[in-house]
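Here the structure is laid out as structure tokens; the discussion comes afterwards.
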Amino acid sequence: QVQLVESGGGLVQAGGSLRLSCAASGRTFSSYAMGWFRQAPGKEREFVAAIRPSGGNTAYADSVKGRFTISRDNAKNSVYLQMNSLKPEDTAVYYCTALEYGSRRPLSDYWGQGTQVTVSS
């Protein structure tokens with residue numbers, strides 16, 4: 001099973017930036033679309049961004065479009081999320097996962113430990 005380790009979260013003021021990283025184990029990383037999800041306290045986990053295996057196409061939730069950028073480095077088995085112009089409503093635990101690009105549906109029930117992002121107003 002692919003192991004996923006997220007990092008890069010922290011406390012930032014509104015308007016600030018953070019870059020999240022996700023390191024994946026396994027030799028088939030480059031075969032999968034990858035995505036970021038987030039879960040705020042008391043809310044369901046929600047889709048944030050996705051990227052195709054080659055990195056040629058990306059997709060975003062409307063709430064982050066124009067502020068967040070997803071990217072990947074298949075040589076490093078890693079996917080990233082650059083978050084700019086952060087808002088307090090972006091506060092959540094962020095997770096990466098392999099997913100089906102078209103439906104945004106995760107390919108498994110496995111989730112890493114996530115990384116906490118807290119945006120103060």
Side-chain angles (χ1 to χ4, degrees):
Q1 178 168 295
V2 175
Q3 301 293 314
L4 302 167
V5 179
E6 300 93 343
S7 62
L11 173 63
V12 64
Q13 288 188 332
S17 298
L18 284 173
R19 185 182 190 234
L20 306 184
S21 298
C22 172
S25 65
R27 294 176 293 177
T28 59
F29 173 82
S30 61
S31 300
Y32 295 102
M34 296 295 295
W36 287 93
F37 288 73
R38 67 186 182 186
Q39 187 168 21
K43 295 187 177 181
E44 292 190 355
R45 192 171 289 157
E46 65 176 1
F47 168 77
V48 175
I51 187 166
R52 287 196 184 274
S54 66
N57 293 90
T58 57
Y60 298 92
D62 288 343
S63 58
V64 306
K65 201 171 295 183
R67 300 187 298 121
F68 291 10
T69 302
I70 188 171
S71 61
R72 66 189 296 161
D73 185 339
N74 287 339
K76 296 182 178 180
N77 276 18
S78 294
V79 61
Y80 308 99
L81 187 68
Q82 177 66 42
M83 306 186 297
N84 299 329
S85 302
L86 283 161
K87 304 176 180 180
E89 51 263 45
D90 294 319
T91 295
V93 179
Y94 284 71
Y95 303 87
C96 67
T97 190
L99 51 63
E100 200 287 314
Y101 185 84
S103 67
R104 319 292 192 241
R105 187 170 300 170
L107 296 181
S108 77
D109 293 330
Y110 167 78
W111 297 93
Q113 86 287 350
T115 186
Q116 175 71 49
V117 172
T118 303
V119 184
S120 63
S121 57

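Not measured: the values here are computed from a predicted model. For this chain, numbers begin at 1 and follow the sequence in order.
- Between L81 and R38 there is no side-chain heavy-atom pair separated by less than 4.5 Å.
- Between atom OG of residue S121 and atom CD of residue E89 there is a gap of 10.0 Å, rounded to the nearest 0.5 Å.
- Side-chain contact between L11 and Q116: absent, with no pair of heavy atoms (C-beta onward) separated by less than 4.5 Å.
- Counting heavy-atom neighbours within 6.0 Å of K43 NZ, excluding the residue itself, gives a total of 12 or less.
- In this structure, the side chain to side chain contact (heavy atoms under 4.5 Å, CB included) partners of S85, at least two apart in sequence or on a different chain, are R67.
- For Y101 (side chain) and T58 (main-chain N/O), a donor-acceptor pair under 3.5 Å exists by modelled atom type.
- The main-chain N or O of A23 is never found under 3.5 Å from a side-chain atom of S78 such that the two would form a donor-acceptor pair.
- With rounding to the nearest 0.5 Å, the separation of CH2 in W111 from OG1 in T97 is 4.5 Å.
- The disulfide bond (SG atoms under 2.5 Å apart) contacts involving residues 17-121 comprise C22-C96, where partners must be two or more places apart or lie in separate chains.
- Both V79 and Y110 belong to a single network of hydrophobic side chains, linked directly or stepwise wherever heavy atoms of I, L, V, M, F, W or Y lie under 4.5 Å apart.
- Counting heavy atoms from C-beta on, the side chains of T69 and Y80 never come closer than 4.5 Å.
- Counting all heavy atoms, side chain and backbone alike, G35 lies closest to I70 at CA-CD1, 4.2 Å.
- In the hydrophobic cluster analysis, where Ile, Leu, Val, Met, Phe, Trp and Tyr join through side-chain heavy atoms closer than 4.5 angstrom, V5 is grouped apart from L20.
- For Q113 (side chain) and E6 (main-chain N/O), a donor-acceptor pair under 3.5 Å exists by modelled atom type.
- For N77 (side chain) and S25 (main-chain N/O), no donor-acceptor pair under 3.5 Å exists by modelled atom type.
- Placement of Y60 and Y94 within a single hydrophobic cluster is found when ILVMFWY residues are connected by side-chain heavy-atom separations under 4.5 Å, directly or transitively.
- In the hydrophobic clustering of ILVMFWY residues, with side-chain heavy atoms under 4.5 Å counting as a link, V119 and L18 come out together.
- Looking at D90 and K87, no side-chain N of the basic residue comes within less than 4.0 Å of a carboxylate O on the acidic one, giving no salt bridge.
- One N or O on the side chain of R72 and one on the backbone of R52 form a donor-acceptor pair closer than 3.5 Å.
- Among all heavy-atom pairs drawn from E100 and L107, the shortest one is N-CD2, 3.7 Å.
- V48 and V64 make their closest contact through O-CG2, 3.6 Å (heavy atoms, listed as atom of the first residue, atom of the second, distance).
- Closest approach of F47 to A61, counting heavy atoms only: O-CB, 3.5 Å.
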> What's the verdict on ring-ring contact (aromatic ring centres under 6.0 Å, His included) for F68 and W36, showing C-alpha distance, side-chain angles and the deciding distance?
Replying inline: CA-CA 11 Å; F68 291 10; W36 287 93; 9.9 Å; no

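- Cluster membership for F37 and L86, using ILVMFWY side-chain heavy atoms within less than 4.5 angstrom, is not shared.
- Atoms CE and CZ, from M83 and R19 in turn, are 11.5 Å apart once rounded to the nearest 0.5 Å.
- Although no hydrogens or angles enter the test, the distance criterion places a donor-acceptor pair under 3.5 Å between the side chain of N74 and the main chain of P53.
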